[in-house]
Amino acid sequence: MNMQKQKESDYFVLGSVLYLFLFLFTVNMLFPPQSDDFDAYYQALNGLDSAIRSYLSWNSRFGDFIYVGFLAKYNGSIYFDILLAGLETGFFLAFFILVFGRWPKYKLDALVLFLSLFLILFFSAFGSDFLWGSGVFNNLFSVLMIILCLIPYRIFWNLYFLDKKIEMKNFSFLGVFLFFVLNFFAGWCTELGGIITIIAQICFLFFAIFIAKIKLPSWYYAGIIGFLIGYCVLYFSPGPRLRAVYFPEFLSIGDFLRLSFIDKIKRFSLAINAYYSNTFAVSILSIFFYFFVKFLQSKSHKVLLWLGFILFCAAFLVFGKHLSHTLFFFLSFFVVLLGCFFLRKNQSKDLKFLFIAFLLYCFWIVGGFALVQVPNIPNRTRLFSHLMLFTIMIFSFIKIYQLLHFKHRKYVASLVIFMSVSYSFFVQIQYLKHSIRWENMLSYIEQEKLKGNKHIIVDRRVFESSYKNFGDYANPGTDPNKWPNGVYAHKFGVDSFQISEDIPSH
């Protein structure tokens, strides 16, 4: 019987992974290269020279280095779409392993994969991070590299907390060296995810040496050192400094240190306000929802309690949107901290859950403070930060799921799958519409070129979508002399390219 149940679970997990791959492959097929992809394509024709030039003068991330140096010239081919779909499916699996410290193997794990897909589609910059070639290698690939580096640490600490006396095995010399190299390239990948990882590693290192007083294996130190060196290669590279002149709000570390104390506080507040998103409020509500469901089990008048909770959620989201984001964050943070003290005093089994959420919020806000140099970063660069909030939501879901009766679990499982599949279908349809509009635009451009017209004005709706996370890269505008109109004109072999001022009437 157990074998039969395990076989069913294996089918569920395999089906969820297959669905992820097919969905990601389909939308990648439908989405053509955009914006920076065209420029990267021409750069990649020059190979390593372009990669070095980009590192020295514009973008110094490792993902961009390999994209503009080698891979961008394949963007638009089916092989590139297969590569991205495989990379992105691996991302979901790696994220699961990082969260749980093991491979997915139960029916609930399949639900978590579906829930993760929905969270990514609904809250993150999906189009920019998963479909846009430049975004994939600057953001998703970078986060995946960090996750792969963190998995051994996750397993190490999981073993430690399960049995403090367990002997931690070391890697071979080759394994230590390869782990060092992997961490070096991961540290080179992203500024925001990198600094959060470094702070987290320092905290756990402090705990290991001064509190737990355990002997750490050599690979543990090798990974941290490799990551720090890689991050220095990124942070002190000339490219970002030359790029910073295009951001008027940029402050160097020296300029920040010269600010008065009040101005420093204002700068931190500015960074947090720009960093904040509704994802944070929803993650807090997911914790509240778990404790509400637990409280509800022993109460009568459940309809009135549900109504009150729904009103509370609505008010909470409104306050999160209109109150100072800095104030709202610290109030919520304080509530979670009070919850930890209360649960510790009452020796509650929920203490571990709430303490993990508290740690994740601490590391999340580190990312906000790290933005004092450039507060207004696009949503596509926040994938690593979002994953910490998604982890809290996933843990909350599992805690709620475990409270439910077996019959109710079936309903919840069906709801999660329906919600994820239906929303992914909506997303697919939006990219299919874009693909059709894109092909019509290409036909229109060819017809205009045959007529001798090389000053092209296309329908602005080609670059619009009903899907809110369609893409946050730079689209063509009405001025043919502004970026990225020129690179579109070069790609299509015309003298100028722009979108229409208004939607054409029919």
Side-chain angles (χ1 to χ4, degrees), residues 95 98-99 119 123-125 139 142-143 146-147 150 153 190-207 227 231 235 249 251 253 256-257 259 261-288 316-317 319-341 351-396:
F95 174 56
L98 180 64
V99 171
L119 294 175
F123 290 106
S124 73
N139 303 311
S142 298
V143 174
I146 293 178
I147 290 175
L150 291 178
Y153 294 102
T190 173
E191 296 89 346
L192 181 58
I195 193 62
I196 294 173
T197 302
I198 290 170
I199 297 299
Q201 289 283 34
I202 290 173
C203 291
F204 277 95
L205 197 60
F206 179 87
F207 171 81
F227 197 94
Y231 189 78
Y235 186 81
E249 71 274 19
L251 273 184
I253 293 295
F256 174 76
L257 293 175
L259 293 176
F261 177 77
I262 297 298
D263 287 337
K264 285 187 177 72
I265 296 297
K266 289 180 179 179
R267 188 72 179 185
F268 275 125
S269 179
L270 176 66
I272 291 296
N273 275 307
Y275 181 65
Y276 176 86
S277 70
N278 287 334
T279 314
F280 170 78
V282 175
S283 70
I284 290 286
L285 283 179
S286 71
I287 297 174
F288 289 166
F316 190 82
L317 291 172
F319 279 125
K321 184 176 181 180
H322 297 289
L323 196 67
S324 165
H325 292 157
T326 306
L327 177 61
F328 179 76
F329 171 78
F330 281 107
L331 285 175
S332 303
F333 186 80
F334 182 67
V335 169
V336 176
L337 183 59
L338 280 180
C340 287
F341 280 113
L351 176 60
K352 179 181 176 181
F353 160 62
L354 207 59
F355 183 69
I356 290 172
F358 173 75
L359 281 181
L360 289 170
Y361 284 130
C362 286
F363 296 136
W364 182 83
I365 198 173
V366 165
F369 286 151
L371 298 180
V372 292
Q373 287 188 271
V374 186
N376 295 311
I377 61 171
N379 193 38
R380 62 179 179 269
T381 63
R382 305 182 190 190
L383 180 58
F384 190 83
S385 300
H386 283 322
L387 289 182
M388 290 185 281
L389 302 180
F390 294 163
T391 301
I392 294 169
M393 296 182 202
I394 289 168
F395 281 153
S396 300

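What you see below is based on every heavy atom in this structure, not just the backbone, and it leaves out hydrogens, waters and symmetry mates.
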Original post:
Does the ring centre of Phe268 sit less than 6.0 Å away from the ring centre of Tyr275?
Top reply: no
Original post:
With a 6.0 Å cut-off on ring centres, are Phe316 and Phe288 close enough?
Top reply: yes
Any side-chain heavy atom of [X] within less than 4.5 Å of one from [Y]?
X: Thr381; Y: Asn139; answer: yes
X: Val143; Y: Phe95; answer: no
X: Leu383; Y: Thr190; answer: no
X: Phe256; Y: Arg267; answer: yes
X: Phe390; Y: Phe123; answer: yes
X: Leu387; Y: Leu98; answer: no

Return a table of donor-acceptor pairs under 3.5 angstrom between the side chains of residues 362-375 and protein atoms on other chains or two or more places apart.
from   : atom 1 : to     : atom 2 : distance (Å)
Gln373 : OE1    : Tyr235 : OH     : 2.9
Gln373 : NE2    : Leu251 : O      : 3.2

Original post:
Can you tell me if CZ on Phe319 sees more than 12 non-hydrogen neighbours from other groups inside 6.0 Å?
Top reply: no
Subject >> Flag if over 12 foreign heavy atoms under 6.0 Å of NZ, Lys352 >> reply: no
Original post:
Just by distance, with hydrogens left out, do Ser286 and Ser396 show a side-chain donor and acceptor under 3.5 Å apart?
Top reply: yes
Original post:
For Phe395 and Ile287, what are the C-alpha separation, side-chain angles and deciding distance, and is it a side-chain contact (heavy atoms from CB on, under 4.5 Å)?
Top reply: CA-CA 9 Å; Phe395 281 153; Ile287 297 174; over 6 Å; no
When rounded to the nearest 0.5 angstrom, what is the spacing between [atom1] in [X] and [atom2] in [Y]?
X: Thr279; Y: Leu389; atom1: OG1; atom2: CG; result: 6.5 Å
X: Leu359; Y: Thr391; atom1: CG; atom2: OG1; result: 12.5 Å
X: Cys203; Y: Ile198; atom1: SG; atom2: CD1; result: 12.0 Å
X: Ile284; Y: Leu317; atom1: CD1; atom2: CG; result: 11.5 Å
X: Leu360; Y: Ile356; atom1: CG; atom2: CD1; result: 7.5 Å
X: Ile147; Y: Phe384; atom1: CD1; atom2: CZ; result: 7.0 Å

**OP:** Indicate yes or no for a side-chain donor-acceptor contact from Ser269 to the backbone of Lys266 under 3.5 Å, with no hydrogens or angles considered.
**Re:** no
Original post:
Partners of Arg382 by salt bridge (Lys or Arg N to Asp or Glu O under 4.0 Å), sequence neighbours excluded?
Top reply: none
Which atoms form the tightest heavy-atom contact between [X] and [Y], and what is the distance?
X: Ala274; Y: Asn376; result: CB-OD1, 3.3 Å
X: Ser385; Y: Leu192; result: OG-CD2, 3.6 Å
X: Ala357; Y: Ile392; result: O-CD1, 3.9 Å

**OP:** Could you list the residues that satisfy side-chain contact (heavy atoms from CB on, under 4.5 Å) with Ala125, not counting sequence neighbours?
**Re:** Ser128, Asp129, Asn379, Arg380, Asp472
